[in-house]
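Each chain gets a letter, A, B and so on, in the order its sequence line appears, and its residues count up from 1.
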Amino acid sequence: MTLLLVLPIVIPLLTAAVTLLAHGSPRTQRTVPVAGALGLLVAGVLLLWTVERQGILVLQLGNWPAPFGITLVADLFSALMVAVTGLIGAAVAVYSLVAIDETRERFGYHPLLHALLASVCGAFLTGDLFNLYVWFEVMLMASFVLLALGGGRPQIEGAMKYVTLNLVASAFFLAAVGILYGAAGSLNMADLAVKLENGSAPGVTTVVAMLFLVAFGIKAGVFPLFFWLPASYHTPPVVISALFAGLLTKVGVYALIRVFTLLFVHDVGYTHTLILVIAGLTMITGVLGAVSQNDFRRILSFHIVSQIGYMVMGLGLFTRLALAGSVFYIVHHIIVKTNLFLVSGVVDRLRGTLQLSSLGGLYESRPLLAGLFLVPALSLAGLPPFSGFFAKLALIHAGFEAEQYLIVGVALAVGLLTLVSMMKIWAEAFWKPLPPDAPETPVQGGLSLMVGPIAVLATFTVLIGLGAGPLFEISMRAADQLMDREGYIRAVLGDGS
Amino acid sequence: MNSLILRTAVRALQPVLLLYSFFLLVAGHNQPGGGFVGGLIAAAALALYAIAYDAASARTLAIVDPRTTIGVGLLLALISGLLPLLAGLPLMTGLWASVPLAGNTKLALGSPILFDIGVYLVVIGMTLLMVLSLVED
Amino acid sequence: MELLLAVVVGGLYAGGIYLMLRRSIVKIIFGLALLGHAANLLIFTSAGLTRGRAPLIPVSGSVAGGTLADPLPQAVILTAIVISFGVVAFALVLFRRGWQAAETDDPDVLRITET
């Protein structure tokens with residue numbers, strides 16, 4: 001059974017290695033990545049199924065007992081994340097067959113994509129803080145190269161900003177790990193949880209907690225650390241933006257939730273209130289940025305920021321229902337956000353531009369695509385019966401329970417503004433007639449391979465909306481596991497502790 | 001760069017560097033060294049060649065494409081990690097075998113060396129890829 | 001010794017941040033490298049310094065006795081050095097491309113991705 005814990009890391013790495021070796025044969029280079037991504041999806045679903053039935057899975061790498069070796073841990077939250085990563089990986093791998101040009105393929109697009117997937121899964125599954133750092137860096141390196149690959153000046157400029165700010169985040173992360181090790185003498189998260197609880201210096205712990213908040217906050221793109229995101233996410237090919245938008249910031253959110261539920265719960269009144277304030281400001285700045293933009297992808301980029309606010313809000317409220325809402329929100333958001341970016345890729349291919357002023361008439365010429373845009377767009381804004389409605393409902397309900405009315409008001413207002421900017425895209429790109437001075441339509445082809453993944457992801461959005469019960473129940477149980485620190489510690493360190 | 005002194009020096013240094021990189025790789029298990037440092041020195045040898053002569057001849061000297069080197073290295077490291085699964089042990093457990101040599105000496109051969117060779121190859125490939133992309137434009 | 005290292009760490013952080021705030025993309029890379037070194041030394045210092053006691057088990061025994069240097073921070077630092085080598089090398093390639101594309105060393109000019 002523990003084999004399932006390593007498969008989500010081994011399968012993408014194996015795929016990357018084989019694809020690298022096959023750099024002379026374009027056909028192998030295109031079939032192997034798709035097969036690998038589907039394999040990852042299957043492994044992720046199997047992992048989720050097993051964890052759901054058997055509880056937390058733990059593997060001690062290299063047969064070194066915890067806390068001395070590196071531990072891999074899969075609780076429901078990690079397993080859910082890995083399964084969704086598999087889904088996004090598969091969608092993106094198929095979409096890339098058409099959307100990625102030969103030059104990028106020759107420079108190693110597919111191996112990099114899979115290295116990225118492996119590191120994302122690694123970050124979700126590790127139970128060791130320094131190992132988390134290593135996975136973050138692998139992820140960073142793969143994403144740097146993907147972001148800059150084969151690009152002109154805008155892409156390189158975006159990548160430079162991304163690299164610089166993310167490296168600063170890494171320096172913070174590393175410093176935090178160092179101080180924490182000096183204070184507690186361990187890097188295994190379960191062991192740290194025990195040692196911090198019995199620790200005598202809560203002041204140092206709070207300082208370290210703030211360092212982690214900054215480090216993961218930059219990665220997650222929370223206020224006021226998100227500036228790299230809207231400066232870089234709209235520059236690479238759309239499919240790369242879609243992958244980044246879906247997965248990368250969510251790894252930051254995952255890390256925030258993990259350390260602020262397992263390690264830093266000694267002073268919830270201070271740390272989690274701060275997180276709640278940050279969540280509110282993130283929502284507001286993100287959505288205001290989005291409303292002021294006039295480019296399809298830039299609007300979507302700013303919306304990543306505002307949506308991160310919702311996920312962090314659940315952590316800030318720090319109740320069982322709120323955490324369940326966050327988990328549900330992350331799953332919903334990864335699918336919806338990737339899908340919206342993928343739709344913008346099809347629009348770009350059809351019209352050759354993403355400037356809203358030069359777009360139009362897509363509802364008339366492509367009604368199916370328009371429908372496929374509406375599903376994730378309305379879900380993002382939180383309209384019933386789509387997945388976003390239930391995600392927001394849970395969070396708002398939790399906000400009322402915790403009597404944090406201000407954040408509830410902010411969340412509702414931001415939802416409304418989200419709807420406004422989604423409707424702006426709808427009205428400009430799909431509804432209004434094509435402007436007469438629109439640029440020539442470039443050559444089309446292979447659209448079915450692009451629309452296919454979009455349709456699958458949209459189906460998931462609808463299914464999660466219509467059958468919200470089962471997923472919400474899993475989210476509740478994931479939240480239970482997050483709140484039950486003893487259970488996690490016992491699973492990793494054994495009953496003796 | 002067109003420097004006769006550098007070219008002559010590189011010719012003399014090349015075998016020494018490569019030999020030393022191999023020594024570091026093998027000595028790495030319980031002495032200073034290992035796949036990473038060894039790989040860096042081998043890559044430095046090739047990079048020096050690319051600077052003294054040109055990128056094309058460095059590619060010829062490296063025999064295989066850097067991407068293949070990375071791929072093989074990654075594969076070897078993965079295999080060394082997966083081998084213990086066959087023996088029913090958790091991933092990445094070190095497996096050791098004792099190979100008797102002439103006389104009374106024995107050679108302890110373990111799966112970590114396979115991992116180190118993988119790292120060695122990945123480092124050579126990655127460094128070469130970056131250096132060549134700088135030299136070539 | 002701790003005090004000396006603490007001062008060095010502080011100096012490295014100060015230098016790194018100062019370089020990153022200069023208007024030059026080359027200095028940003030130097031600044032990033034210094035920040036990495038500072039973080040590594042910080043790990044080394046905060047984990048506690050033990051002099052001249054390598055954590056090795058003697059050939060004759062099976063347990064190493066006495067106070068020994070902690071090997072874990074050293075392993076952590078080694079890994080971090082390897083990673084920062086890779087990242088900084090890539091950043092160099094990227095920033096060189098950026099310099100070629102924009103023909104400037106001034107980060108304030110690199111704003112075509114902003115509105």
message = Which atoms of C:Ile28 are under 4.5 Å from chain A, going by heavy atoms: the side chain, the backbone, both sets, or neither?
response =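 Answer is side chain: those atoms of C:Ile28 sit under 4.5 Å from chain A.
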
request  = Please examine the side chains of C:Gln100 and A:Ile156, heavy atoms only from C-beta on, and report whether any two atoms are closer than 4.5 Å.
outcome  = no

ask   = Are any of the side-chain heavy atoms of A:Val168 and C:Leu32 separated by less than 4.5 Å?
value =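 Touching, per the 4.5 Å side-chain cut-off.
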
task = Can you check whether anything in residues 140-147 of chain A gets within less than 4.5 Å of chain C, heavy-atom wise, and list it by number?
result =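 The list, in residue order, reads A:Met141, A:Phe144, A:Val145.
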
key: Interface residue of largest heavy-atom contact number with chain A, from C:Val87, C:Val93, C:Ile77, C:Leu35, under 4.5 Å   = C:Val87

message = Quick check for you: among C:Leu94, C:Ile25, C:Leu42, which has the greatest number of heavy-atom pairs under 4.5 Å with chain A?
response = C:Leu94

ask   = How would you list, by chain and number, every residue that makes a side-chain contact (heavy atoms from CB on, under 4.5 Å) with A:Val207, sequence neighbours excluded?
value = none

Approximate separation, where rounding is to 0.5 Å, of A:Glu157 CD and C:Arg97 CZ =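 One finds 15.5 Å between CD of A:Glu157 and CZ of C:Arg97.
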
request  = Check whether A:Thr235 gets within reach of chain C through its side chain, its backbone, both or neither, counting any heavy atom under 4.5 Å.
outcome  = side chain

request  = Test side chain to side chain contact (heavy atoms under 4.5 Å, CB included) on A:Leu187 and C:Val76 and set out the steps.
outcome  = CA-CA 10 Å; A:Leu187 289 173; C:Val76 164; 3.9 Å; yes

inquiry  = Under a 4.5 Å cutoff for heavy-atom pairs, which residue among A:Ala231, A:Ser170, A:Ala148, A:Ala159 has the most contacts with chain C?
reply    = A:Ala231

inquiry  = Between A:Leu174, A:Val134, A:Asp295, who has the most heavy-atom pairs with chain C when the cutoff is under 4.5 Å?
reply    = A:Leu174

task = Output every pair passing ring pair (Phe, Tyr, Trp, His ring centres under 6.0 Å) with a member in residues 152-194 of chain A, not counting sequence neighbours, ordered by first then second residue.
result =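 Sorted result for residues 152-194 of chain A: A:Tyr133-A:Phe173, A:Phe136-A:Phe173, A:Tyr162-A:Trp228, A:Phe173-A:Phe212, A:Phe173-A:Phe216.
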
request  = Applying ring pair (Phe, Tyr, Trp, His ring centres under 6.0 Å), name anything that partners C:Tyr13, two or more places apart in sequence or on another chain.
outcome  = none

task = List the atom of C:Ala39, the atom of A:Ala171, and the distance in Å for their closest heavy-atom pair.
result = CB-O, 4.1 Å

key: Closest non-hydrogen atom pair, C:Ala91 against A:Val163   =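 Where C:Ala91 meets A:Val163 most closely, the heavy atoms are CB-CG1, 4.1 Å.
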
inquiry  = Heavy-atom count check: over 12 atoms from other residues, nucleotides or ligands less than 6.0 Å from C:Phe44 CZ?
reply    =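 Count not over threshold, so no.
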
